[in-house]
Each structure stands twice: as structure tokens, then as C-alpha cells.
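Notes to accompany the following structure.
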Amino acid sequence: MIFPISKKTKGELTAIPYTKCYAKTDKNGKPGICVESHLRHTAEVCRILRQQLTENLTLLGDLAIPSASVHDIGKVSPGFQLKYFRDAIIKQISEYRDKPAGHFLTDHAHIGACALWAHVNKEDPFQCPTVAQIAAMHHGSVRTEPLPKDSGELLGGAAWSEERKNLIKIMETEYGRLTFHVPSIVQRDFISGMVTISDWIGSDESFFPPAGLPPEVNINTAAQMAVSACGLIKPAIIPGLSFEEVFEFSPYDIQKQFGASIMNYGKPGVFVLEAPMGMGKTEAALYAAYLLMASGKNSGFFFGLPTRLTSDRIHERLDPFLKKICENKTGARLSHGTAWLKAFWHSSFEKGGEDFKPGNSWFNPRKRALLHPFVVGTVDQALMSVLRVKHHFVRTFGLAGKVVILDEIHSYDGYTGTLIETMASQLTQIGCSVIILSATLTKKRLSAFFKESQPVKERENIISQALDESFNSIDSVPYPLISGPEYALASPPPKGQEYKIHLEEMSYFKIAKHAIDKAIQSQCVLCIANTVATAQTWFDAISAEMPDDAFPIGLLHSKFPGFQRAAIEDLWMIRLGKHKKDEHENLRPNGCILVATQVVEQSVDIDADYLITELAPTDMLLQRMGRQFRHDRKNRPCTIPETLILCGNPDQSDNLDGVLDAFGRSNCHVYAPWVLWRTRDVWKKHHTVNIPDDIRTLLEATYEELSKQFSKKAQLMDDLHSKFVQHKNALADKAMGNLSTATAMPVGEDHETCATRYSDLPTTQVLLVQDINSTGNEAQLTLLSEERVMVNAVRPDPAVTAQLHLNLISIPSWLLQRYGSLETPSFLKKHFFETTPILLWNESSAEITLNGQLTDFQYTNLKGLFRTSVPEPPGSNSAYQEDDSEDITVYLTDFESMDPFDKSKFDW
DNA sequence: AATAAAAAAAAA
Ligand SMILES: [Fe+3]
Ligand SMILES: [Fe+3]
């Protein structure tokens with residue numbers, strides 16, 4: 001936007017003295033509190049917040065108080081005053097009668113920045129003082145126009161400039177120098193966040209009434225009460241507890257070492273713990289967090305996980321922990337997109353279950369949740385502190401000084417992974433101890449967590465020095481491993497488990513037969529496909545071939561509505577999950593088959609005997625194999641876990657098409673063909689594998705860059721490799737471009753421009769129902785679970801929203817758009833932010849209607865959502881005829897040849 | 001042209 005350059009009017013405008021400038025309207029829209037008082041309230045609140053900071057943040061906190069004292073200086077301006085208090089202004093000075101507010105600049109944040117740049121003394125006149133930047137951004141985002149002159153007409157001329165200057169000088173004498181310069185953007189964001197939070201609290205009329213505080217109350221006391229009522233006073237941690245006292249069991253070596261090594265390092269930093277599951281990484285991290293908090297080095301924690309479900313689970317585990325370490329029974333705050341729905345799933349909440357302390361409700365708005373002393377949530381909540389989104393710096397302030405624990409780091413892709421690495425290094429600048437928990441990482445990814453992406457060689461040296469041995473070969477890097485900024489520590493590995501590996505190509509029919517054979521031999525078989533369509537085809541083939549009711553079989557993937565997926569997961573948790581003592585042990589079936597997609601790679605704690613899996617990158621294969629022999633169990637039907645990896649042979653192909661066909665076109669959309677090929681080459685050499693002993697070797701070998709060779713295969717691989725690298729770099733670049741630091745000007749809402757995850761196949765969520773009775777603005781919906789709910793275009797009903805959320809499925813948008821434009825029916829508008837069309841399901845025919853048209857989707861409770869008009873996935877035509885392996889599976893041929901890593905696909 | 005799973009949303 002460009003401002004009109006107004007001609008010089010006859011004389012200078014008369015300014016209203018700053019003492020008569022208002023900051024806020026009261027409930028009736030009348031002028032409320034004046035600017036000067038609001039500034040004092042905000043500064044005093046900031047002073048109280050400053051007392052809550054950990055020691056390493058106090059210097060920055062000292063700068064926030066003067067910043068807060070001038071944040072709304074831009075309200076001393078004709079534009080702002082006329083916009084909100086026109087009548088009162090005209091009463092004071094009639095010359096404003098014919099001046100509309102639009103004649104001036106009205107954005108007080110922008111005006112404030114002009115004034116501060118003009119009136120704050122600085123060494124470098126071309127550098128925008130930090131306070132000015134903070135004033136500019138204090139409402140969440142910054143305008144992109146250049147700052148006009150403070151004494152210019154848009155801001156009311158010299159007289160108004162003088163008023164702002166006077167108020168600035170008064171505040172500066174009272175609250176401290178404004179001349180500081182903070183070069184670190186993260187540290188500036190921290191101060192900004194602290195100012196904005198002070199502003200939010202200082203603007204709360206229940207603490208600071210519009211009529212002003214009663215004379216007997218001093219501002220400092222009111223601020224103290226406000227901060228404490230908001231629940232921002234840091235809870236006292238009970239010192240001196242041993243690991244046993246906190247968790248009621250004795251620690252493994254690694255659990256002792258980890259916390260001790262961090263305490264010994266003594267400074268903020270990134271600390272990585274790589275260990276297999278079952279070694280108690282969570283407790284190791286929590287105990288480290290306890291030590292750091294008890295010593296006062298950090299205050300509070302944030303525990304970040306990849307999914308909402310895993311966050312919920314950790315959240316439940318934290319209550320006993322907090323009860324042990326914290327005197328005043330502060331519960332942990334759950335923070336993710338649908339955390340608020342939990343209130344309607346768990347009735348205990350209504351009775352105040354975790355709402356121990358008053359003030360908890362202050363944290364309800366999502367942006368504030370991170371300010372709570374103890375937070376568990378999706379990483380995404382924390383990542384929004386580094387993304388170019390509105391109010392990102394409020395989250396930065398929320399995380400500052402905390403122990404930030406980030407779990408399951410191995411599970412993120414290049415986009416989110418890059419964001420996490422950046423955030424980790426930034427957090428160390430604002431007093432955080434960052435704890436990274438992961439299964440094995442490649443040396444490259446590990447090194448990336450240390451000072452500006454440490455060279456891999458340097459990290460290797462640290463590891464080898466620490467272990468006092470020479471580490472020339474990747475084999476000898478130990479696992480589990482603790483890595484800190486300048487140190488490394490090995491820990492004795494758990495006893496290894498030998499796996500038998502088969503790498504084969506099979507038709508669907510043979511796969512089904514094979515699985516059935518194993519199940520009949522009493523084995524619990526897990527089949528993991530790379531795509532939903534393949535999983536469904538396997539499921540059909542197995543159902544058709546198996547003897548009636550011989551053993552339980554099931555299918556699990558994400559194309560089920562939430563309630564059904566949860567039901568299937570619960571059922572299989574009873575069958576294959578961990579059982580307490582002898583309870584349920586007899587529920588483990590005597591042979592069974594569960595067919596699934598990647599949903600079981602994580603967080604579903606099932607234990608299989610035999611695994612059949614499509615070829616996937618080594619990291620994923622290892623995750624999938626982690627589902628075998630997972631629990632301690634006697635009486636298994638087999639002595640050793642066996643894994644059958646399904647994969648065609650690309651080695652003889654002399655062109656790209658041949659290679660892609662060998663891996664399966666669909667698989668190449670999910671995983672980069674180069675990685676699949678490397679994985680196959682690495683795994684085909686092994687008939688057995690020892691886990692965890694061989695993990696590092698397998699992983700490093702997969703991603704190792706090979707020396708030049710001149711065979712046809714090497715050349716094809718080389719092409720695929722450069723595409724893989726290009727794609728990886730594109731993801732990283734995309735992430736870097738979305739950082740708040742990428743441009744000086746954060747703009748946009750949280751979800752708009754910058755996402756925490758990247759997807760190149762956009763999806764739309766749909767609500768699946770059996771019946772609708774609608775009058776337009778109101779409707780009665782019959783859900784798949786047979787429940788009936790009333791929905792209404794005007795009345796929100798969180799309990800119903802919670803129910804509806806369990807009936808959603810996400811579907812690629814382009815598949816839905818074939819049936820017309822997608823819209824949320826008006827009666828659902830109060831329930832979903834996102835566009836949410838309705839799919840109408842006919843139970844007896846399984847058919848699905850959208851926008852009144854019959855679609856090619858069908859749904860059943862056993863198979864989930866599937867398409868009927870699509871040619872069945874590769875190999876299915878041979879599913880019911882016995883083939884010799886000579887007649888190899890036919891892969892999709894009706895697509896014209898296309899490169900799955902075609903540049904256009906990632907030319908964002 | 002077509003692939004898993006996953007997340008996201010009130011201020012002063
Ligand atoms: Fe403001
Ligand atoms: Fe304000």
C-alpha cells in the first residue's frame with residue numbers, strides 16, 4: 001500500500017498532549033485507559049515476568065522492560081486517536097473536525113517504529129533500533145512498507161512528533177535505556193514475545209480496569225497478581241531426588257549417564273540420545289529435565305512428539321512424574337490441534353482432573369499454550385516459533401529457558417527435519433537445553449545438530465576421542481550413543497537379536513499363500529504394504545484364499561474414519577499388544593494376519609512373529625522389523641524372527657522405466673527410487689541381520705555415496721541419485737524459505753503461508769455419514785457408528801464437534817474435485833475450519849455419494865475406503881491363478897512413462 | 001499425473 005503524499009497544509013497541526021491520548025476503548029466504545037497508564041501497566045507486568053526468567057535470560061529480560069514501556073507509543077498520533085476516539089478528540093481540538101482518520105497513518109505499531117527510530121539515540125543512524133523493531137511487530141506481524149518520517153504529515157507533523165518524543169523520554173528515564181541493539185534475531189524475538197505477553201496481560205480488564213486502578217493499589221502489586229492469576233509463576237521443583245525416587249525403578253546405565261553428562265556440560269546446548277526402543281529414552285530425558293530444572297539452569301519443559309496420539313500418551317505418563325518433582329501439583333499442558341477435544345473424551349477433565357490450578361484456562365488459546373511451565377504436544381507447536389507465521393515470537397518466548405525434548409526425530413522428512421535442526425540451534429541462544437531422542441541417525445544427520453552443521457569428520461573425531469579408540473570404520477560407532485556439543489558417550493548395547501532375511505519377488509497370490517501358511521503354523525504375521533491400495537489387495541487375496549475362520553485377520557491403514565481406526569487398533573492391541581503379567585496372554589491368537597500400511601511403523605505397540613514387507617528405505621525397514629519379537633514372550637511358535645522383503649529386480653534394466661517398473665510405480669511415488677535401489681543392494685547381501693548391532697552399518701551403507709563406476713546400472717543409479725539429492729535440497733530450501741528469519745517481515749496466519757509439514761499431494765478431509773436430514777441451516781446426521789447428532793449453522797457445540805472428528809477421512813483433493821467444487825455445508829461451518837464436504841455412505845451397497853453424484857469410492861468397515869473404477873493395483877490380475885515365478889508380476893503399464901522426480905513436481 | 005502418514009486455526 002502506498003500512502004498519499006499530502007500537500008503541506010497551512011500551518012502545523014495542534015497535537016493532543018500525550019497525557020490526553022487514549023489507548024483503549026471500554027465496553028461501551030467510549031475512551032478508556034490512557035496511553036501512559038497502559039504503557040506503565042505493561043512495563044510492570046514485564047518486570048514481574050522478568051523475575052520468572054532463568055538466570056541466563058535475565059540480561060535479555062532486562063531489555064524487555066523498557067521495550068514494553070514504549071510498545072504502544074504509536075497510539076500518540078492523530079491517525080490512531082481519530083480512528084477510535086473521534087468524538088472525544090474533536091471536543092478537545094476542533095480543527096480535527098474535517099480530518100478523517102484515513103488522512104493519517106493509523107497503524108500504531110508502524111507509527112511506533114517511526115517514532116522510536118527517530119527519537120532513540122543510536123550509534124548507527126541507518127540501523128533500525130531493536131526497540132523500534134519490537135514496536136513494529138508487537139501485533140504479530142510487520143508491514144512491508146518503508147517507515148515514513150516521524151515528523152511527517154502522515155504522523156501529524158512536528159507537534160505530534162514532539163509529544164511522542166516527550167513520552168519516550170519519560171519512559172526511558174523510568175524504565176531504562178532504549179538504545180540497546182540485539183543482533184540475534186532469535187533473541188530479539190524472545191524480547192518481542194515477552195513484550196507481547198506483557199501487553200496481553202496488561203490489557204486484561206479484569207486485572208487493569210478501564211477506569212484505572214483504585215488509588216490504594218499500586219501497579220506493581222496489580223501486575224504481580226495478574227501474572228500469578230495467569231499461572232505464569234514458575235512452580236517450585238523439589239531438589240535432590242534420585243532417579244529411583246522419581247520413577248520407582250533403578251536406572252539403566254544410559255539413563256544415569258545422559259542427565260549427568262548434560263549437567264556436567266553446564267551450558268545450554270543440543271544433546272542427542274540415540275537408543276533403540278525399550279531402553280527408556282523417555283525416562284532418561286525426563287530425569288535430565290528434572291536435574292536441569294532442579295538446579296535452576298532451566299525452568300519448565302516442552303516435550304514434542306510427531307503425532308497427536310503419541311502426545312496424548314506421553315501426557316498421561318507425565319502426571320505421576322510431575323507429582324513427584326513438583327510441590328504444588330501443577331499438571332502438564334497438552335498442546336496440539338485437537339487437544340481441546342480431549343475434554344469431551346475424558347470425563348475426568350470436567351471434574352478438574354488436570355485443572356489443578358486456577359489460571360490454567362488462560363492457556364487455552366493455542367498460541368499461549370507454550371507459556372505453561374510444563375507442556376507436551378506435537379513438535380509442530382514448537383516449530384511455529386521459527387516459521388514465518390503471525391505471533392511466532394510468542395512461541396519463542398514460551399520455549400525460552402525450557403528443557404525442550406524432541407522425540408522420534410528419525411521419523412521426520414527433509415522438510416520438517418530441516419525446521420527441527422534450525423529450531424534446535426536457535427533455542428540454544430535463548431537458554432534452552434535441547435534434548436533429541438531418536439533411533440539411529442546417520443552420521444550426517446547427527447552432525448547437523450551441532451554448531452552450524454558440524455562437519456561429519458569433526459563429529460567422528462569427537463566420538464573416537466571419547467571412546468579412546470580409532471574409528472575409521474562406520475561399524476564401530478557405538479549404539480546406543482549420547483552426543484553433546486563437544487563430547488560423546490557410549491553405552492553398553494542391549495543384547496542383539498538375530499533376524500533371518502529373505503529378499504524375494506512374489507505375486508499377490510503367492511504372498512497371500514505364504515502369509516496363510518505361516519499363520520496356520522501358529523505365527524502372528526504382520527504384512528506391511530507401501531500403499532493403501534496394495535494393502536487392500538493383499539487383504540482381499542488373503543481373505544479369499546484362507547480356510548474359513550482358520551485364524552483372525554485384519555486390515556489397518558489411514559483410510560478409515562477415526563472411530564473405526566481406533567477400534568481396529570484397540571482390537572489388535574489386545575491380540576498383539578503388551579499384556580500385564582498373565583492378563584490377556586491367552587488372547588494372543590494361535591496364528592493371525594494383520595495387513596497394514598506405514599501406520600504401524602510408529603506408536604502402535606504390536607508384536608509380531610513373522611514380517612512380510614514391501615521394500616522400503618532401510619530406516620523404515622528397521623522400524624518395521626522393530627515390530628517383531630518386540631515384547632518379552634515365552635512360547636513363540638518360532639525361535640527367531642524372519643523377515644520377507646518383497647521387491648522386484650531392477651539390476652538388469654537398461655532404462656529408467658524398467659527400474660521404476662521393477663520397484664513398482666506407486667512405491668516410487670512414496671520413496672525415492674535411488675534409496676530403494678541402495679536399500680536392495682545393501683540388504684540382498686544379508687541372510688541374517690543382528691539388531692541393534694548391524695543398524696549403523698546398514699544405515700550408513702544405504703546412504704553412502706558411491707564412487708564412480710561405468711556400468712549401465714551405475715549410470716542409472718547416478719541419475720536417480722542426483723534426482724534424490726535435488727529433491728532433498730528442494731525440501732530443505734523450502735523449509736529455510738519459510739523461516740521467520742528468511743525475510744525481515746513475518747506475515748500471514750499460522751496455517752497460510754507456512755506449514756510445519758510438507759505434502760505434495762494435497763488432501764481434503766471429508767465427513768462420512770449414513771444419512772442426512774437437512775433443512776439447510778440445520779441437519780440431523782446419522783454417523784457410521786449409528787449415532788445421530790444435530791448440527792446447526794449458528795450454534796457451536798464442542799461435544800458434537802468431538803464426535804464428528806472421529807468420523808473424518810482425508811482423501812486426495814483431486815479425486816474429490818472430479819465431483820464438483822468442494823464446500824463445507826453451512827450446518828458444519830461451526831465445527832470445522834477446514835473445507836469439509838460430506839460423503840454419504842450406503843451401508844448395503846457400500847457405495848458413496850458426493851454432491852449428489854455416485855462416486856467410484858466405496859467403503860466397508862473391514863477394508864476402509866477404496867476406489868472401484870481404478871484398474872486393480874499391479875499383480876492382482878494374477879492373484880487368483882497359480883503362477884510360476886517365471887511369469888513375473890505385471891506392473892502398471894497404462895501410465896505413460898513418467899519420471900516420479902520430475903522437476904515440475906518440486907519446483908515450488 | 002497420482003502416493004504413506006502426519007499437522008494446522010482468538011487477541012489485546
Ligand atoms: Fe498495541
Ligand atoms: Fe498495548
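Keep in mind it's a predicted model, so treat the numbers as computed, not measured. We name chains A, B, ... by the order of the sequence lines, and we start the count at 1 in each one.
In this structure, the nucleotide among B/dA9, B/dA7, B/dA4 sitting nearest to the side chain of A/Arg395 is B/dA9. Listed nucleotides B/dA12, B/dA8, B/dT3 differ in distance to A/Val670; the shortest reach to its side chain belongs to B/dT3. Distances were taken from every side-chain heavy atom of A/Asp380 (C-beta onward) to each of B/dA8, B/dA9, B/dA6; the shortest belongs to B/dA8. Out of B/dA5, B/dA8, B/dA11, the shortest distance to the side chain of A/Val599 is found at B/dA5. Here B/dA11 is the nucleotide among B/dA8, B/dA12, B/dA11 with the atom lying nearest to any side-chain atom of A/Lys367.
Across the protein-nucleic acid pair, A/Glu408 atom CD and B/dA7 atom C1' stand 15 Å apart, rounded to whole Å. For A/Gln536 and B/dT3, the CD to C1' distance is 13 Å, given to the nearest whole Å. For the pair A/Met384 CE and B/dA8 C1', the interatomic distance rounds to 6 Å; values are reported in whole Å. Atom CG of A/Leu815 and atom P of B/dA1 are 15 Å apart (whole Å). When the C1' atom of B/dA4 is taken as reference, atom CD of A/Glu614 falls 11 Å away, rounded to whole Å. Between the OH atom of A/Tyr415 and the P atom of B/dA7 there is a distance of 16 Å, given to the nearest Å. In this structure, A/Tyr84 atom OH and B/dA12 atom P are separated by 10 Å, rounded to whole Å. When rounded to the nearest whole Å, the span between CD1 of A/Ile197 and P of B/dA10 equals 14 Å.
The residues A/Arg665 and A/Asp657 are annotated as salt-bridged, a charged nitrogen and a carboxylate oxygen being separated by less than 4.0 angstrom. Salt-bridge annotation for A/Glu44 and A/Arg40: absent, with no side-chain N of the basic residue lying under 4.0 Å from a carboxylate O of the acidic one.
One finds a side-chain N or O of A/Arg565 lying less than 4.0 angstrom from the OP1 or OP2 phosphate oxygen of B/dA6. Checking the phosphate oxygens (OP1, OP2) of B/dA8, a side-chain nitrogen or oxygen of A/Gln381 falls inside 4.0 Å. Side-chain N/O atoms of A/Ser558 include none lying less than 4.0 angstrom from OP1 or OP2 on B/dA4. Contact check, A/Arg757 against B/dA5: no side-chain N or O comes under 4.0 Å of OP1 or OP2. Phosphate contact (OP1/OP2 of B/dA5, side-chain N/O of A/Ser810, threshold under 4.0 Å): absent. In this structure, A/Thr378 reaches the B/dA8 phosphate: one of its side-chain N or O atoms is under 4.0 Å from OP1 or OP2. Residue A/His557 has no polar side-chain atom (N or O) positioned under 4.0 Å from OP1 or OP2 of B/dA4. Listed pair A/His391 / B/dA12 meets the phosphate criterion, a side-chain N or O lying under 4.0 Å from OP1 or OP2. In this model, the phosphate group of B/dA8 is not approached by any side-chain N or O of A/Thr756 to a distance below 4.0 Å at OP1 or OP2. For B/dA2, the OP1/OP2 oxygens have no side-chain nitrogen or oxygen of A/Arg665 closer than 4.0 Å.
Remark: A/Arg818 CZ is packed, more than 12 non-hydrogen atoms of other residues, nucleotides or ligands lying under 6.0 Å away.
Of the residues near DNA chain B, A/Thr763 and A/Gln598, the one whose nearest nucleotide (by heavy atom distance) lies more toward the 5' end is A/Gln598. The 5' end of DNA chain B is approached more closely, in terms of each residue's nearest nucleotide, by A/Met620 than by the other of A/Gly337 and A/Met620.
A stacked arrangement is not assigned to A/Trp200 and the six-membered base ring of B/dA11, the conditions of a centre distance below 5.5 Å and an interplanar angle below 30° not being jointly met. B/dA9 has its base stacked against the ring of A/Phe833, the centroids being under 5.5 angstrom apart at an interplanar angle below 30°.
Judged by distance alone with a 3.5 Å cut-off, no donor-acceptor contact links the side chain of A/Thr416 to the base of B/dA7.
Backbone-only engagement by A/Val532 is indicated by non-hydrogen atom pairs under 4.0 Å involving sugar-phosphate atoms exclusively. Residue A/Glu834 is classed as a base contact, given a heavy-atom separation below 4.0 Å to a base.
Ring pair A/His41/A/Phe208 is parallel by interplanar angle, where below 30° counts as parallel and above 60° as perpendicular. A perpendicular orientation is assigned to the rings of A/His139 and A/His108, their planes being inclined by more than 60° (bins at 30° and 60°).
Residues that satisfy the ring-ring contact (aromatic ring centres under 6.0 Å, His included) test with A/Tyr84, not counting sequence neighbours, are A/Phe80.
Within the structure, the salt bridge (charged side-chain N to carboxylate O under 4.0 Å, His left out) test picks out no pair touching residues 199-212 of chain A (sequence neighbours left out).
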